[in-house]
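These notes are about the structure you will find just below.
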Amino acid sequence: MGTPQYALMCDTCCKNRTLSSYCVDCYESMCIECTKNHQKLLPDHISLPMAESKCPDHHKFYSVYCKMCDMPICRECLIGFHNGHKYSDMNVAKQEKLHEVKTYMKDLKEDVCPLYQSSEDQGNRQLVDYASEIDTVKIMMNEQRERLKTMVDVLCDSMIDSVETTLEAHSSKLKKELSIIVYGKAKIQNEIERCVVLSDRGILEIKDFLESLPHLQDTPARPLALSKPVPSKFFPEDISEITLKQMIGSVLLVRVHNSFICKLPVSNIQACSSNEVWVNFHDERVLTKYSYQQNTNMAIEKESLKLDFKPECFLLMKGDYFLASDRFNHCIWKVDEKGNTESFIKTSPYNPKGLCLNKKQELVVCLSGLTGCLRVYQNEKNYKELGDNLLSAPSKVAQNGDDNYIVLDDHLQSHFVVAIDPKGNCKWKFYGLEENKLATFSPKGVLCDSLQNIIVSDFGNHLVLLLDKNGKFLMNLLCSRYGLWSPRGMCLDSEGKLWVGQGKDGMGECHVVQYIK
């Protein structure tokens with residue numbers, strides 16, 4: 001519905017025209033043309049649409065602004081309901097409201113709009129990345145296709161050549177044998193023809209023929225034996241889709257990537273189901289349980305356990321209790337479901353940090369002090385130590401499917417990932433990517449997946465790296481372009497989803513990634 005128009009005399013041009021506005025400062029009603037001119041000449045004056053310029057109670061033009069009721073009023077209102085209320089000039093009230101609008105606009109421009117711009121830029125970068133990754137995969141797969149075709153052609157040609165060479169040699173030998181047999185056969189047939197002719201000859205000629213026998217001294221009574229046949233046949237292998245895929249290679253594809261906000265930077269994380277995790281926050285004395293709802297991309301804080309110490313690392317054990325390392329008290333604590341603690345293992349003078357369970361369900365502890373080592377506990381009192389000649393400040397550990405322990409060493413002067421076999425020998429070391437110049441390689445979390453790949457969080461370069469079991473870099477699973485910032489703890493849940501905890505500007509976030517189908 002349009003704004004109502006009023007056909008009265010314009011107070012400015014004094015003509016009978018449709019009135020469109022009322023100037024509160026000049027107390028004048030104006031037509032459309034005069035309103036435009038008035039706003040140009042006196043931009044600070046308040047011109048209200050005619051439908052909004054009169055008090056609905058007294059049908060008088062608004063004259064002042066009631067500050068207590070936050071509304072324009074007429075002069076009769078001042079001696080009526082609004083008597084005693086504080087009021088201000090309409091222009092002053094307008095400027096105050098405009099100031100609020102400007103403040104709101106400033107917030108939008110400086111706080112909200114940059115966030116949307118950043119998200120838009122990130123989305124556009126991701127679109128470019130997707131297109132580039134598609135092109136890269138196409139190129140690499142077509143190259144692999146051509147390599148396989150070339151290999152198949154070479155192998156097939158080689159097999160054909162082998163058959164041809166062998167059978168052609170036998171054919172040549174057989175042809176020589178056949179030529180001898182054919183020659184002998186011709187001589188025999190010629191002798192038979194002489195015998196046939198003798199039937200029309202006299203006895204003396206027949207007598208001479210018989211006396212001259214044998215005529216075929218150089219032709220054996222039986223032909224030479226032919227070479228034994230050498231048959232050949234091609235037996236094609238059944239080519240399954242699995243075999244072909246193994247020959248072609250594999251595509252690692254991140255199928256799901258979501259995240260949810262936590263109240264503080266996440267230091268460690270342990271999955272207790274496919275959608276629930278326990279986390280501890282950096283430098284805090286608490287364990288918190290989150291339930292993640294993938295359809296809403298949000299997490300609910302379900303439970304919290306207050307502790308008497310700051311856990312360096314923790315494990316969720318069967319039986320709903322935790323083992324948590326406390327480097328300040330040189331102890332590994334056992335924490336029950338109510339947060340009660342009891343000493344489990346004393347490690348003095350070493351500082352316990354990272355924890356994991358090996359395939360035998362033995363507790364493996366990263367210990368640091370003047371030197372570093374891994375300690376594998378068969379029980380609370382019996383243990384063996386590994387890697388004391390390789391480690392300075394081991395911080396996290398995981399065991400891979402090949403039985404090697406993958407250890408992060410986070411010493412002040414050297415940061416690396418090392419694979420140590422069960423006998424304590426070094427298998428390989430990884431010192432980060434040379435092309436990452438953003439910051440020093442700073443590994444904070446390590447995992448091993450079902451494919452024996454190794455996942456490492458690089459805190460300084462805002463990366464989650466994927467290595468093969470020999471320490472060779474495969475790809476970046478996550479990076480800052482995809483919202484990752486200062487990643488720390490990680491875990492894998494029962495469905496193979498990767499959970500990555502991070503922190504930035506005092507806030508925490510967990511990324512949830514599905515890359516193994």
Side-chain angles (χ1 to χ4, degrees), residues 115 118-119 122-123 125-127 129-130 133 250-282 284 286-304 313-316 322 356 396 398 443-459 461-467 474-517:
L115 295 177
S118 176
S119 294
Q122 181 180 336
R125 286 195 299 269
Q126 285 181 225
L127 289 175
D129 289 344
Y130 289 160
E133 287 168 8
S250 60
V251 176
L252 194 151
L253 183 64
V254 176
R255 302 177 183 276
V256 177
H257 179 196
N258 296 316
S259 66
F260 61 89
I261 299 298
C262 301
K263 59 186 179 182
L264 291 168
V266 176
S267 184
N268 292 287
I269 184 168
Q270 286 282 308
C272 50
S273 71
S274 61
N275 65 340
E276 291 185 336
V277 290
W278 282 94
V279 305
N280 80 287
F281 303 118
H282 181 59
E284 294 290 324
V286 66
L287 295 177
T288 304
K289 185 177 184 181
Y290 282 97
S291 177
Y292 173 60
Q293 306 299 321
Q294 185 170 330
N295 56 342
T296 61
N297 219 26
M298 295 178 64
I300 301 171
E301 185 177 323
K302 293 190 66 177
E303 192 176 346
S304 189
C313 183
F314 70 93
L315 292 177
L316 178 61
F322 301 92
C356 82
K396 290 292 189 296
K444 296 295 182 183
V446 63
L447 293 172
C448 301
D449 66 21
S450 59
L451 303 177
Q452 295 189 20
N453 294 323
I454 299 158
I455 308 165
V456 178
S457 62
D458 183 354
F459 179 86
N461 292 291
H462 317 299
L463 295 172
V464 172
L465 311 174
L466 188 69
L467 314 178
L474 297 177
M475 68 177 292
N476 292 326
L477 277 178
L478 293 174
C479 63
S480 57
R481 285 184 301 171
Y482 303 138
L484 186 73
W485 199 266
S486 303
R488 293 177 182 269
M490 303 183 295
C491 71
L492 290 166
D493 66 21
S494 57
E495 295 180 350
K497 294 195 299 293
L498 172 66
W499 301 68
V500 182
Q502 70 170 35
K504 181 183 179 183
D505 298 331
M507 291 296 294
E509 189 173 2
C510 281
H511 293 259
V512 186
V513 178
Q514 182 87 57
Y515 71 96
I516 298 177
K517 189 174 182 180

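Nearest heavy atoms, D449 versus L451: OD1-N, 2.9 Å. Between Q294 and N258, the shortest heavy-atom contact is CG-ND2, 3.7 Å. Across A271 and L316, no two heavy atoms sit closer than the pair O-CD2, 4.0 Å. Scanning both residues, C448 and I454, for their nearest heavy atoms gives SG-CG1, 4.3 Å. Residues C356 and A398 approach most closely at SG-CA, 4.1 Å, considering heavy atoms. Listed here is the closest heavy atom pair of F260 and N297: CB-O, 4.1 Å.
Under the 4.5 Å side-chain criterion, counting only non-hydrogen atoms from C-beta, Q270 is in contact with F314. Here the side chains of H282 and V266 are not in contact, with every heavy-atom distance at 4.5 Å or above. Using a 4.5 Å cut-off on side-chain heavy atoms (C-beta onward), N453 and L467 make no contact. L492 places none of its side-chain heavy atoms less than 4.5 Å from the side chain of W499. For the pair D458 and V464, the minimum side-chain heavy-atom distance is 4.5 Å or more. Inter-residue side-chain proximity for R488 and F459 is flagged as met; some heavy-atom pair is nearer than 4.5 Å. Counting heavy atoms from C-beta outward, L477 and Y515 have side chains that approach closer than 4.5 Å. Using a 4.5 Å cut-off on side-chain heavy atoms (C-beta onward), C262 and C510 make contact.
In summary, E276 and K302 engage in a salt bridge, as defined by a charged side-chain N under 4.0 Å from a carboxylate O.
Other residues, nucleotides and ligands contribute more than 12 heavy atoms inside 6.0 Å of the CE atom of M507.
Judged by distance alone, with hydrogens and angles left aside, the side-chain atoms of N476 form no donor-acceptor pair with the main-chain N or O of C479 at under 3.5 Å. At least one donor-acceptor pair under 3.5 Å links the side chain of S457 to the backbone N or O of G445. Side-chain N or O atoms of N280 include one that pairs as donor or acceptor with a backbone N or O of N268 at under 3.5 Å. Looking at D493, its side chain does come within 3.5 Å of a backbone N or O of K497 through a donor-acceptor pair. At distances below 3.5 Å, not a single donor-acceptor pair connects side-chain atoms of E301 with backbone N or O atoms of K289.
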Legend entry - Working for side chain to side chain contact (heavy atoms under 4.5 Å, CB included), residues D505 and W485: CA-CA 10 Å; D505 298 331; W485 199 266; over 6 Å; no

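Between Y290 and W278, a ring centre-to-centre spacing not shorter than 6.0 Å is recorded.
Here the rule is side chain to side chain contact (heavy atoms under 4.5 Å, CB included) with L466, and of L478, V456, I455 only I455 fits it.
Q293 pairs by the side-chain contact (heavy atoms from CB on, under 4.5 Å) definition with S291, N295, T296, not counting sequence neighbours. For E284, the side-chain contact (heavy atoms from CB on, under 4.5 Å) test picks out L264, F281, V286, with sequence neighbours left out.
Judged by distance alone, the side chains of E509 and S259 do bring a donor and an acceptor atom under 3.5 Å apart.
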